[in-house]
Number of protein chains: 2
Amino acid sequence: MSADATPARIIEAAGPIFAAKGFEAATVREICHEAGVNLAAVNYHFGSKEGLYVATVRQAHPNRLEQRFVPDQPAGATPSQRLRGFVWAMISRLLELKAAEWQWRLLFREITDPTPICRELLQEHFRAGFGALLAIIDDVVDPELPLHRRHQIALSIVGQCVYYRSATNIIPMIVGEDELAAHYKAEMLTDHITGFSLAALGLGPPVGSAPGSNHRETCPERRSDP
Amino acid sequence: MSADATPARIIEAAGPIFAAKGFEAATVREICHEAGVNLAAVNYHFGSKEGLYVATVRQAHPNRLEQRFVPDQPAGATPSQRLRGFVWAMISRLLELKAAEWQWRLLFREITDPTPICRELLQEHFRAGFGALLAIIDDVVDPELPLHRRHQIALSIVGQCVYYRSATNIIPMIVGEDELAAHYKAEMLTDHITGFSLAALGLGPPVGSAPGSNHRETCPERRSDP
DNA sequence: AATTGTATCAAACGATTGTTTGCCTCCAGG
DNA sequence: CCTGGAGGCAAACAATCGTTTGATACAATT
(Lines give C-alpha, C1' and ligand atoms only; values in the text may rest on other atoms or scores of the structure.)
Protein backbone atom coordinates (compact mmCIF):
# COMPACT_ATOMS: atom_id res chain seq x y z
CA MET A 1 0.00 0.00 0.00
CA SER A 2 2.08 2.86 -1.18
CA ALA A 3 -0.98 4.90 -2.13
CA ASP A 4 -2.04 5.53 1.47
CA ALA A 5 1.41 5.40 2.97
CA THR A 6 1.60 6.57 6.56
CA PRO A 7 3.57 9.81 5.99
CA ALA A 8 1.10 10.91 3.31
CA ARG A 9 -1.85 10.10 5.52
CA ILE A 10 -0.32 12.11 8.34
CA ILE A 11 0.21 15.15 6.13
CA GLU A 12 -3.31 14.89 4.81
CA ALA A 13 -4.66 14.93 8.33
CA ALA A 14 -2.22 17.54 9.59
CA GLY A 15 -2.97 20.08 6.87
CA PRO A 16 -6.52 21.03 7.89
CA ILE A 17 -5.66 20.89 11.57
CA PHE A 18 -2.60 23.11 11.25
CA ALA A 19 -4.59 25.45 9.03
CA ALA A 20 -7.45 25.69 11.49
CA LYS A 21 -5.57 25.94 14.77
CA GLY A 22 -2.03 26.99 13.98
CA PHE A 23 1.17 25.22 14.84
CA GLU A 24 1.03 25.62 18.59
CA ALA A 25 -2.61 24.77 19.20
CA ALA A 26 -2.59 21.72 16.95
CA THR A 27 -1.70 18.56 18.83
CA VAL A 28 0.14 15.53 17.55
CA ARG A 29 -2.44 13.31 19.18
CA GLU A 30 -5.31 14.84 17.26
CA ILE A 31 -3.41 14.62 13.99
CA CYS A 32 -2.53 10.98 14.52
CA HIS A 33 -6.06 10.11 15.59
CA GLU A 34 -7.46 11.81 12.52
CA ALA A 35 -4.98 10.03 10.29
CA GLY A 36 -5.66 6.71 11.97
CA VAL A 37 -2.03 6.11 12.78
CA ASN A 38 -0.13 5.60 15.96
CA LEU A 39 0.99 8.49 18.11
CA ALA A 40 4.64 7.70 17.61
CA ALA A 41 4.38 7.80 13.83
CA VAL A 42 4.94 11.54 13.61
CA ASN A 43 8.28 11.46 15.33
CA TYR A 44 9.25 8.30 13.51
CA HIS A 45 8.64 9.67 10.02
CA PHE A 46 9.21 13.40 10.47
CA GLY A 47 11.54 13.60 13.44
CA SER A 48 9.39 16.03 15.39
CA LYS A 49 6.22 18.09 15.28
CA GLU A 50 8.18 20.88 13.63
CA GLY A 51 9.42 18.52 10.96
CA LEU A 52 5.85 17.55 10.19
CA TYR A 53 4.87 21.20 9.94
CA VAL A 54 7.64 21.96 7.47
CA ALA A 55 6.67 18.98 5.35
CA THR A 56 3.04 20.06 5.42
CA VAL A 57 3.70 23.65 4.37
CA ARG A 58 6.16 22.49 1.75
CA GLN A 59 3.54 20.29 0.17
CA ALA A 60 0.83 22.94 0.43
CA HIS A 61 2.80 25.50 -1.53
CA PRO A 62 3.46 24.47 -5.09
CA ASN A 63 0.62 22.10 -5.85
CA ARG A 64 -2.37 24.34 -5.80
CA LEU A 65 -1.30 27.89 -5.24
CA GLU A 66 0.95 28.80 -8.05
CA GLN A 67 -1.06 31.23 -10.11
CA ARG A 68 -4.34 31.53 -8.36
CA PHE A 69 -4.00 35.27 -8.20
CA VAL A 70 -3.70 35.58 -11.95
CA PRO A 71 -6.91 34.55 -13.63
CA ASP A 72 -6.97 33.87 -17.32
CA GLN A 73 -7.85 37.02 -19.21
CA PRO A 74 -9.07 37.40 -22.78
CA ALA A 75 -6.35 38.66 -25.04
CA GLY A 76 -7.84 42.05 -25.79
CA ALA A 77 -8.97 42.88 -22.27
CA THR A 78 -8.76 46.50 -21.23
CA PRO A 79 -6.80 47.49 -18.11
CA SER A 80 -10.09 48.11 -16.34
CA GLN A 81 -11.28 44.62 -17.15
CA ARG A 82 -7.98 43.10 -16.11
CA LEU A 83 -8.04 45.00 -12.84
CA ARG A 84 -11.55 43.80 -12.16
CA GLY A 85 -10.45 40.24 -12.89
CA PHE A 86 -7.60 40.54 -10.45
CA VAL A 87 -9.78 41.99 -7.71
CA TRP A 88 -12.43 39.37 -8.24
CA ALA A 89 -9.94 36.51 -8.06
CA MET A 90 -8.56 37.89 -4.83
CA ILE A 91 -11.86 38.80 -3.18
CA SER A 92 -13.66 35.60 -4.02
CA ARG A 93 -10.79 33.54 -2.73
CA LEU A 94 -10.44 35.53 0.46
CA LEU A 95 -14.13 35.48 1.30
CA GLU A 96 -14.46 31.78 0.69
CA LEU A 97 -11.45 31.08 2.80
CA LYS A 98 -13.32 29.10 5.41
CA ALA A 99 -14.62 26.72 2.83
CA ALA A 100 -11.46 26.78 0.80
CA GLU A 101 -8.89 24.07 0.71
CA TRP A 102 -6.63 23.82 3.71
CA GLN A 103 -3.57 24.70 1.64
CA TRP A 104 -4.88 28.22 1.22
CA ARG A 105 -5.76 28.66 4.86
CA LEU A 106 -2.38 27.40 5.93
CA LEU A 107 -0.64 29.89 3.68
CA PHE A 108 -2.85 32.71 4.89
CA ARG A 109 -2.01 31.86 8.47
CA GLU A 110 1.65 32.00 7.61
CA ILE A 111 1.13 35.57 6.41
CA THR A 112 -0.35 37.01 9.55
CA ASP A 113 1.59 34.88 12.00
CA PRO A 114 4.67 33.68 10.16
CA THR A 115 6.84 30.75 11.03
CA PRO A 116 10.47 31.61 10.24
CA ILE A 117 10.87 28.48 8.16
CA CYS A 118 8.76 29.38 5.19
CA ARG A 119 10.06 32.79 4.13
CA GLU A 120 11.34 31.81 0.70
CA LEU A 121 8.22 29.88 -0.19
CA LEU A 122 6.00 32.81 0.66
CA GLN A 123 8.25 35.36 -0.97
CA GLU A 124 8.17 33.55 -4.29
CA HIS A 125 4.43 33.13 -4.20
CA PHE A 126 3.46 36.66 -3.32
CA ARG A 127 5.94 38.29 -5.62
CA ALA A 128 4.23 36.46 -8.47
CA GLY A 129 0.77 37.68 -7.55
CA PHE A 130 1.96 41.19 -6.86
CA GLY A 131 3.79 41.28 -10.18
CA ALA A 132 0.58 40.48 -12.02
CA LEU A 133 -1.14 43.45 -10.41
CA LEU A 134 1.84 45.69 -11.13
CA ALA A 135 1.69 44.75 -14.79
CA ILE A 136 -1.87 46.01 -14.94
CA ILE A 137 -1.02 49.24 -13.18
CA ASP A 138 1.98 49.90 -15.38
CA ASP A 139 -0.30 50.06 -18.38
CA VAL A 140 -2.43 52.87 -17.02
CA VAL A 141 -0.08 55.17 -15.11
CA ASP A 142 2.53 57.61 -16.29
CA PRO A 143 5.61 55.62 -17.36
CA GLU A 144 7.79 58.02 -15.40
CA LEU A 145 5.92 57.44 -12.15
CA PRO A 146 8.48 56.20 -9.62
CA LEU A 147 8.46 52.53 -8.78
CA HIS A 148 7.56 53.03 -5.15
CA ARG A 149 4.52 55.08 -6.13
CA ARG A 150 3.31 52.24 -8.33
CA HIS A 151 3.95 49.84 -5.48
CA GLN A 152 1.87 51.97 -3.16
CA ILE A 153 -1.00 52.04 -5.64
CA ALA A 154 -0.88 48.25 -5.85
CA LEU A 155 -0.78 47.96 -2.08
CA SER A 156 -3.82 50.21 -1.80
CA ILE A 157 -5.75 47.88 -4.05
CA VAL A 158 -4.57 44.73 -2.33
CA GLY A 159 -5.21 46.31 1.06
CA GLN A 160 -8.84 46.96 0.28
CA CYS A 161 -9.30 43.30 -0.69
CA VAL A 162 -7.45 41.79 2.23
CA TYR A 163 -9.23 43.95 4.77
CA TYR A 164 -12.49 42.15 4.21
CA ARG A 165 -10.78 39.00 5.39
CA SER A 166 -8.56 40.27 8.19
CA ALA A 167 -11.42 42.29 9.67
CA THR A 168 -14.02 39.56 9.34
CA ASN A 169 -14.73 39.83 13.03
CA ILE A 170 -15.36 43.55 13.29
CA ILE A 171 -17.09 44.34 10.02
CA PRO A 172 -20.36 42.71 11.16
CA MET A 173 -20.13 44.71 14.39
CA ILE A 174 -19.95 47.92 12.37
CA VAL A 175 -22.33 47.45 9.48
CA GLY A 176 -24.62 44.88 11.04
CA GLU A 177 -25.48 41.36 9.99
CA ASP A 178 -28.31 42.38 7.69
CA GLU A 179 -26.26 44.80 5.62
CA LEU A 180 -23.41 42.31 5.55
CA ALA A 181 -25.61 39.62 4.09
CA ALA A 182 -27.23 41.97 1.59
CA HIS A 183 -24.33 44.01 0.21
CA TYR A 184 -21.03 42.30 0.89
CA LYS A 185 -21.02 39.34 -1.44
CA ALA A 186 -17.89 38.76 -3.46
CA GLU A 187 -19.24 40.27 -6.65
CA MET A 188 -20.53 43.43 -4.97
CA LEU A 189 -17.27 44.00 -3.18
CA THR A 190 -15.45 43.49 -6.45
CA ASP A 191 -17.62 46.16 -8.02
CA HIS A 192 -16.91 48.57 -5.23
CA ILE A 193 -13.16 48.03 -4.94
CA THR A 194 -12.68 48.10 -8.68
CA GLY A 195 -14.74 51.26 -9.01
CA PHE A 196 -12.97 52.92 -6.10
CA SER A 197 -9.54 52.10 -7.48
CA LEU A 198 -10.34 53.01 -11.08
CA ALA A 199 -11.68 56.34 -9.89
CA ALA A 200 -8.50 56.95 -7.92
CA LEU A 201 -6.50 56.22 -11.06
CA GLY A 202 -8.62 58.58 -13.11
CA LEU A 203 -10.04 55.76 -15.21
CA GLY A 204 -13.59 55.89 -13.97
CA PRO A 205 -16.21 58.14 -12.43
CA PRO A 206 -15.66 59.08 -8.81
CA VAL A 207 -17.50 57.16 -6.16
CA GLY A 208 -19.76 59.05 -3.84
CA SER A 209 -22.55 60.09 -6.15
CA ALA A 210 -25.89 58.42 -5.83
CA PRO A 211 -26.82 56.05 -8.62
CA GLY A 212 -28.68 57.76 -11.41
CA SER A 213 -27.36 61.25 -10.87
CA ASN A 214 -24.95 62.86 -13.26
CA HIS A 215 -21.54 63.93 -12.07
CA ARG A 216 -19.25 66.66 -13.24
CA GLU A 217 -15.71 65.97 -14.31
CA THR A 218 -13.48 68.02 -12.11
CA CYS A 219 -9.84 68.39 -11.30
CA PRO A 220 -8.13 66.73 -14.22
CA GLU A 221 -4.69 67.77 -13.08
CA ARG A 222 -2.26 66.19 -10.73
CA ARG A 223 -0.75 67.34 -7.54
CA SER A 224 2.94 67.82 -6.83
CA ASP A 225 4.41 65.73 -4.10
CA PRO A 226 6.60 67.38 -1.50
CA MET B 1 -0.44 50.22 50.28
CA SER B 2 -3.29 50.69 47.90
CA ALA B 3 -1.01 52.32 45.33
CA ASP B 4 0.82 49.11 44.40
CA ALA B 5 -1.95 46.75 45.36
CA THR B 6 -1.47 43.21 44.14
CA PRO B 7 -4.31 43.13 41.57
CA ALA B 8 -3.04 46.32 39.97
CA ARG B 9 0.51 45.01 39.84
CA ILE B 10 -0.72 41.81 38.22
CA ILE B 11 -2.63 43.68 35.53
CA GLU B 12 0.36 45.90 34.87
CA ALA B 13 2.51 42.85 34.33
CA ALA B 14 -0.12 40.91 32.43
CA GLY B 15 -0.86 43.65 29.90
CA PRO B 16 2.41 43.57 27.97
CA ILE B 17 2.64 39.80 28.19
CA PHE B 18 -0.89 39.21 26.91
CA ALA B 19 -0.31 41.81 24.21
CA ALA B 20 2.94 40.19 23.08
CA LYS B 21 2.01 36.52 23.23
CA GLY B 22 -1.76 36.31 23.23
CA PHE B 23 -3.99 34.67 25.78
CA GLU B 24 -2.98 31.07 25.19
CA ALA B 25 0.77 31.49 24.98
CA ALA B 26 1.00 33.77 28.00
CA THR B 27 1.54 31.84 31.23
CA VAL B 28 0.32 32.70 34.69
CA ARG B 29 3.74 31.86 36.04
CA GLU B 30 5.49 34.43 33.88
CA ILE B 31 2.94 37.09 34.75
CA CYS B 32 3.25 36.46 38.46
CA HIS B 33 7.04 36.39 38.30
CA GLU B 34 7.07 39.67 36.39
CA ALA B 35 4.67 41.22 38.89
CA GLY B 36 6.64 39.87 41.82
CA VAL B 37 3.65 38.18 43.37
CA ASN B 38 2.85 34.62 44.27
CA LEU B 39 1.61 32.16 41.70
CA ALA B 40 -1.71 31.73 43.43
CA ALA B 41 -2.47 35.44 43.43
CA VAL B 42 -4.06 35.37 39.98
CA ASN B 43 -6.67 32.82 40.89
CA TYR B 44 -7.21 34.43 44.24
CA HIS B 45 -7.92 37.92 42.92
CA PHE B 46 -9.34 37.19 39.47
CA GLY B 47 -10.77 33.71 39.82
CA SER B 48 -8.93 32.32 36.84
CA LYS B 49 -6.59 33.17 34.02
CA GLU B 50 -9.60 34.14 31.93
CA GLY B 51 -10.79 36.47 34.65
CA LEU B 52 -7.43 38.18 34.62
CA TYR B 53 -7.60 38.54 30.86
CA VAL B 54 -11.02 40.15 30.99
CA ALA B 55 -9.87 42.56 33.67
CA THR B 56 -6.80 43.42 31.63
CA VAL B 57 -8.71 44.11 28.43
CA ARG B 58 -11.34 46.00 30.36
CA GLN B 59 -8.73 48.30 31.79
CA ALA B 60 -6.95 48.70 28.46
CA HIS B 61 -10.08 49.86 26.74
CA PRO B 62 -11.41 53.08 28.16
CA ASN B 63 -8.35 54.69 29.66
CA ARG B 64 -6.29 55.42 26.63
CA LEU B 65 -8.16 54.36 23.57
CA GLU B 66 -11.40 56.25 23.55
CA GLN B 67 -10.88 58.82 20.90
CA ARG B 68 -7.48 58.07 19.53
CA PHE B 69 -8.90 57.66 16.08
CA VAL B 70 -10.38 61.10 16.15
CA PRO B 71 -7.66 63.71 16.34
CA ASP B 72 -8.53 67.22 17.30
CA GLN B 73 -9.32 69.20 14.19
CA PRO B 74 -9.46 72.94 13.72
CA ALA B 75 -12.99 74.20 13.55
CA GLY B 76 -12.94 75.20 9.91
CA ALA B 77 -11.08 72.20 8.56
CA THR B 78 -12.12 71.06 5.11
CA PRO B 79 -13.23 67.47 4.56
CA SER B 80 -9.93 66.81 2.82
CA GLN B 81 -8.01 68.05 5.82
CA ARG B 82 -10.17 66.06 8.19
CA LEU B 83 -9.70 62.93 6.11
CA ARG B 84 -5.97 63.40 6.12
CA GLY B 85 -6.03 63.85 9.88
CA PHE B 86 -7.96 60.63 10.29
CA VAL B 87 -5.62 58.68 8.03
CA TRP B 88 -2.57 60.08 9.74
CA ALA B 89 -3.87 59.21 13.20
CA MET B 90 -4.55 55.67 12.07
CA ILE B 91 -1.39 55.10 10.08
CA SER B 92 1.00 56.54 12.61
CA ARG B 93 -0.55 54.50 15.36
CA LEU B 94 -0.52 51.30 13.34
CA LEU B 95 3.07 51.62 12.21
CA GLU B 96 4.36 52.40 15.65
CA LEU B 97 2.47 49.49 17.09
CA LYS B 98 5.52 47.63 18.25
CA ALA B 99 6.70 50.56 20.28
CA ALA B 100 3.23 51.58 21.30
CA GLU B 101 1.68 51.02 24.64
CA TRP B 102 0.51 47.51 25.39
CA GLN B 103 -3.10 48.61 25.54
CA TRP B 104 -3.06 49.23 21.81
CA ARG B 105 -1.33 45.99 20.95
CA LEU B 106 -3.77 44.05 23.09
CA LEU B 107 -6.74 45.59 21.32
CA PHE B 108 -5.20 44.96 17.92
CA ARG B 109 -4.67 41.33 18.81
CA GLU B 110 -8.30 41.09 19.78
CA ILE B 111 -9.21 42.24 16.27
CA THR B 112 -7.36 39.63 14.30
CA ASP B 113 -7.76 36.79 16.80
CA PRO B 114 -10.75 37.67 18.94
CA THR B 115 -11.60 36.27 22.32
CA PRO B 116 -15.37 35.81 22.60
CA ILE B 117 -15.40 37.69 25.88
CA CYS B 118 -14.69 41.16 24.67
CA ARG B 119 -17.18 41.65 21.86
CA GLU B 120 -19.11 44.52 23.41
CA LEU B 121 -15.97 46.41 24.38
CA LEU B 122 -14.55 46.19 20.90
CA GLN B 123 -17.85 46.93 19.24
CA GLU B 124 -18.24 50.15 21.16
CA HIS B 125 -14.71 51.23 20.46
CA PHE B 126 -14.62 50.58 16.76
CA ARG B 127 -18.05 51.96 16.12
CA ALA B 128 -16.81 55.23 17.57
CA GLY B 129 -13.77 55.37 15.30
CA PHE B 130 -15.72 54.26 12.28
CA GLY B 131 -18.40 56.83 12.99
CA ALA B 132 -15.82 59.58 12.92
CA LEU B 133 -14.71 58.51 9.46
CA LEU B 134 -18.29 58.19 8.28
CA ALA B 135 -18.99 61.75 9.41
CA ILE B 136 -16.19 62.97 7.16
CA ILE B 137 -17.43 60.94 4.22
CA ASP B 138 -21.02 62.07 4.67
CA ASP B 139 -19.92 65.64 4.07
CA VAL B 140 -18.47 64.95 0.65
CA VAL B 141 -20.71 62.36 -0.97
CA ASP B 142 -24.15 62.60 -2.41
CA PRO B 143 -26.66 62.67 0.47
CA GLU B 144 -28.75 60.10 -1.33
CA LEU B 145 -25.91 57.60 -1.56
CA PRO B 146 -27.08 54.42 0.20
CA LEU B 147 -25.68 53.73 3.62
CA HIS B 148 -23.92 50.56 2.59
CA ARG B 149 -22.10 52.39 -0.19
CA ARG B 150 -20.79 54.91 2.32
CA HIS B 151 -19.75 52.05 4.58
CA GLN B 152 -17.84 50.47 1.76
CA ILE B 153 -16.03 53.70 1.02
CA ALA B 154 -15.04 53.98 4.66
CA LEU B 155 -13.89 50.36 4.68
CA SER B 156 -11.77 50.99 1.60
CA ILE B 157 -9.98 53.80 3.40
CA VAL B 158 -9.55 51.87 6.63
CA GLY B 159 -8.41 48.81 4.69
CA GLN B 160 -5.61 50.67 3.03
CA CYS B 161 -4.34 51.82 6.40
CA VAL B 162 -4.63 48.51 8.19
CA TYR B 163 -2.93 46.60 5.42
CA TYR B 164 0.40 48.19 6.19
CA ARG B 165 0.18 46.61 9.61
CA SER B 166 -1.37 43.23 8.88
CA ALA B 167 1.02 42.64 5.98
CA THR B 168 4.11 43.81 7.82
CA ASN B 169 5.77 40.53 7.08
CA ILE B 170 5.27 40.39 3.33
CA ILE B 171 5.60 44.02 2.29
CA PRO B 172 9.39 43.99 2.75
CA MET B 173 9.52 40.80 0.70
CA ILE B 174 7.76 42.57 -2.15
CA VAL B 175 9.16 46.08 -2.23
CA GLY B 176 12.51 45.37 -0.60
CA GLU B 177 14.05 46.71 2.56
CA ASP B 178 15.60 49.77 0.90
CA GLU B 179 12.37 51.04 -0.62
CA LEU B 180 10.55 50.29 2.61
CA ALA B 181 12.94 52.42 4.61
CA ALA B 182 12.89 55.23 2.06
CA HIS B 183 9.26 55.61 1.10
CA TYR B 184 7.01 53.98 3.68
CA LYS B 185 7.24 56.27 6.66
CA ALA B 186 3.96 57.25 8.30
CA GLU B 187 3.75 60.66 6.66
CA MET B 188 4.45 59.37 3.16
CA LEU B 189 1.87 56.65 3.49
CA THR B 190 -0.59 59.22 4.76
CA ASP B 191 0.06 61.30 1.66
CA HIS B 192 -0.51 58.34 -0.58
CA ILE B 193 -3.63 56.94 1.06
CA THR B 194 -5.21 60.35 1.41
CA GLY B 195 -4.44 61.21 -2.19
CA PHE B 196 -5.67 57.86 -3.44
CA SER B 197 -8.93 58.12 -1.51
CA LEU B 198 -9.59 61.75 -2.34
CA ALA B 199 -9.06 60.96 -6.00
CA ALA B 200 -11.50 58.08 -5.75
CA LEU B 201 -14.04 60.44 -4.21
CA GLY B 202 -13.50 63.01 -6.96
CA LEU B 203 -11.97 65.52 -4.55
CA GLY B 204 -8.44 65.43 -5.84
CA PRO B 205 -6.33 64.73 -8.88
CA PRO B 206 -5.99 61.10 -9.94
CA VAL B 207 -2.94 59.22 -8.84
CA GLY B 208 -0.76 57.69 -11.48
CA SER B 209 0.83 60.67 -13.16
CA ALA B 210 4.48 61.43 -12.62
CA PRO B 211 5.39 64.44 -10.50
CA GLY B 212 6.84 67.48 -12.18
CA SER B 213 5.38 67.22 -15.65
CA ASN B 214 2.80 69.97 -15.59
CA HIS B 215 1.38 71.54 -12.49
CA ARG B 216 -2.03 73.07 -12.42
CA GLU B 217 -3.04 74.10 -8.96
CA THR B 218 -6.73 74.48 -9.41
CA CYS B 219 -7.90 72.06 -6.84
CA PRO B 220 -8.29 73.82 -3.52
CA GLU B 221 -7.55 71.01 -1.15
CA ARG B 222 -4.25 70.77 0.56
CA ARG B 223 -2.90 68.68 3.33
CA SER B 224 -2.50 69.79 6.87
CA ASP B 225 -0.25 68.24 9.42
CA PRO B 226 -2.09 66.78 12.40
C1' DA C 1 -8.12 38.24 74.61
C1' DA C 2 -10.51 35.65 71.28
C1' DT C 3 -12.35 35.50 66.76
C1' DT C 4 -12.99 36.40 62.04
C1' DG C 5 -11.67 37.47 57.42
C1' DT C 6 -8.19 38.86 54.03
C1' DA C 7 -3.91 38.14 51.82
C1' DT C 8 0.23 35.70 50.81
C1' DC C 9 3.12 31.78 50.42
C1' DA C 10 5.35 27.11 49.17
C1' DA C 11 3.91 22.97 47.60
C1' DA C 12 1.38 19.82 45.28
C1' DC C 13 -2.45 18.27 42.05
C1' DG C 14 -4.42 16.84 37.72
C1' DA C 15 -4.44 17.42 33.03
C1' DT C 16 -2.19 17.88 28.65
C1' DT C 17 1.74 18.39 25.84
C1' DG C 18 5.75 16.48 22.66
C1' DT C 19 8.75 12.85 22.81
C1' DT C 20 10.92 8.33 23.87
C1' DT C 21 11.00 3.56 24.93
C1' DG C 22 10.68 -1.59 24.34
C1' DC C 23 8.22 -5.00 22.18
C1' DC C 24 5.60 -6.76 18.44
C1' DT C 25 4.71 -8.18 13.44
C1' DC C 26 5.99 -8.56 8.87
C1' DC C 27 8.84 -9.81 5.02
C1' DA C 28 12.59 -9.85 1.71
C1' DG C 29 17.57 -11.65 1.33
C1' DG C 30 20.88 -15.12 3.04
C1' DC D 1 14.63 -22.10 7.79
C1' DC D 2 16.95 -18.27 9.66
C1' DT D 3 17.80 -13.30 10.13
C1' DG D 4 17.68 -8.35 10.41
C1' DG D 5 15.80 -4.13 9.63
C1' DA D 6 11.60 -1.26 8.89
C1' DG D 7 7.27 0.05 10.53
C1' DG D 8 3.69 0.03 13.94
C1' DC D 9 1.96 -0.30 18.60
C1' DA D 10 0.72 0.60 23.76
C1' DA D 11 2.77 2.56 27.41
C1' DA D 12 5.43 5.50 29.86
C1' DC D 13 8.38 9.74 30.33
C1' DA D 14 9.53 14.51 31.28
C1' DA D 15 8.05 19.00 31.02
C1' DT D 16 4.66 22.55 31.41
C1' DC D 17 0.26 24.27 32.07
C1' DG D 18 -3.80 26.29 35.16
C1' DT D 19 -5.50 25.44 39.42
C1' DT D 20 -6.08 24.00 44.33
C1' DT D 21 -4.61 23.21 48.93
C1' DG D 22 -3.28 24.00 53.70
C1' DA D 23 -0.51 26.69 56.54
C1' DT D 24 0.75 31.22 58.06
C1' DA D 25 0.76 36.27 59.08
C1' DC D 26 -1.71 40.22 60.03
C1' DA D 27 -5.42 43.53 60.85
C1' DA D 28 -10.00 44.54 62.28
C1' DT D 29 -13.89 43.28 64.94
C1' DT D 30 -16.37 41.33 68.86
Side-chain angles (χ1 to χ4, degrees), chain A residues 1-60 102 106 109-110 113-118, chain B residues 1-60 102 106 109-110 113-118:
Chain A
M1 314 242 195
S2 68
D4 62 338
T6 302
R9 286 233 311 274
I10 293 176
I11 289 183
E12 266 182 56
I17 295 176
F18 277 139
K21 304 186 171 183
F23 175 76
E24 303 278 354
T27 71
V28 178
R29 278 174 173 81
E30 181 184 3
I31 291 170
C32 290
H33 181 268
E34 192 70 20
V37 303
N38 186 264
L39 174 62
V42 163
N43 283 314
Y44 180 80
H45 289 283
F46 300 97
S48 66
K49 182 187 180 185
E50 267 198 23
L52 170 61
Y53 186 74
V54 175
T56 307
V57 175
R58 185 152 307 192
Q59 162 154 331
W102 60 265
L106 190 60
R109 183 176 282 274
E110 274 290 325
D113 189 20
T115 307
I117 314 163
C118 318
Chain B
M1 325 274 183
S2 67
D4 63 338
T6 302
R9 286 232 312 275
I10 293 176
I11 289 183
E12 265 181 59
I17 294 176
F18 277 139
K21 304 186 171 183
F23 175 77
E24 302 279 353
T27 70
V28 177
R29 281 174 171 81
E30 181 184 2
I31 291 171
C32 289
H33 181 268
E34 191 70 21
V37 303
N38 187 265
L39 174 62
V42 163
N43 283 313
Y44 180 79
H45 289 283
F46 300 98
S48 67
K49 183 188 180 185
E50 270 199 21
L52 169 61
Y53 187 74
V54 175
T56 307
V57 175
R58 185 152 307 192
Q59 162 154 329
W102 60 264
L106 190 61
R109 181 176 283 274
E110 273 291 327
D113 189 21
T115 308
I117 314 163
C118 317

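Letters A, B, ... are given to chains in the order of the sequence lines, protein chains preceding strands, and every chain is numbered from 1.
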Return no unless some side-chain N or O of His45(B) is found under 4.0 Å from OP1 or OP2 of dT8(C). yes
Using every non-hydrogen atom in the two residues, find where [X] and [Y] come nearest and quote the distance to one decimal.
X: Ala13(A); Y: Ile31(A); value: CB-O, 3.7 Å
X: Arg9(B); Y: Val37(B); value: NH2-CG1, 3.5 Å
X: Val42(A); Y: Ser48(A); value: CG1-O, 4.0 Å

Nucleotides 22-24 of chain D: which of its N/O atoms have a protein N/O under 3.5 Å away?
none

When rounded to the nearest 0.5 angstrom, what distance separates [atom1] in [X] from [atom2] in [Y]?
X: Arg109(B); Y: Lys21(B); atom1: CZ; atom2: NZ; value: 10.5 Å
X: Thr56(B); Y: Glu12(B); atom1: OG1; atom2: CD; value: 11.0 Å
X: His45(A); Y: Ile10(A); atom1: NE2; atom2: CD1; value: 5.5 Å

In B/S/- notation (B base, S sugar-phosphate only, - none; protein heavy atoms under 4.0 Å), nucleotides 13-26 of chain C written 5' to 3' is ----BBBBB-----
Whole-Å gap separating [atom2] ([N]) and [atom1] ([X]):
X: Glu30(B); N: dA15(D); atom1: CD; atom2: P; answer: 20 Å
X: His33(B); N: dC9(C); atom1: NE2; atom2: P; answer: 13 Å
X: Lys21(B); N: dT16(D); atom1: NZ; atom2: P; answer: 13 Å

Should Leu52(A) and Phe18(A) be marked as a side-chain contact (heavy atoms from CB on, under 4.5 Å) after you check the CA-CA gap, both sets of side-chain angles, and the distance that decides it? CA-CA 10 Å; Leu52(A) 170 61; Phe18(A) 277 139; 4.0 Å; yes
Plane angle bin for Tyr53(A) and Phe23(A) - parallel if under 30°, tilted between 30 and 60°, otherwise perpendicular: perpendicular
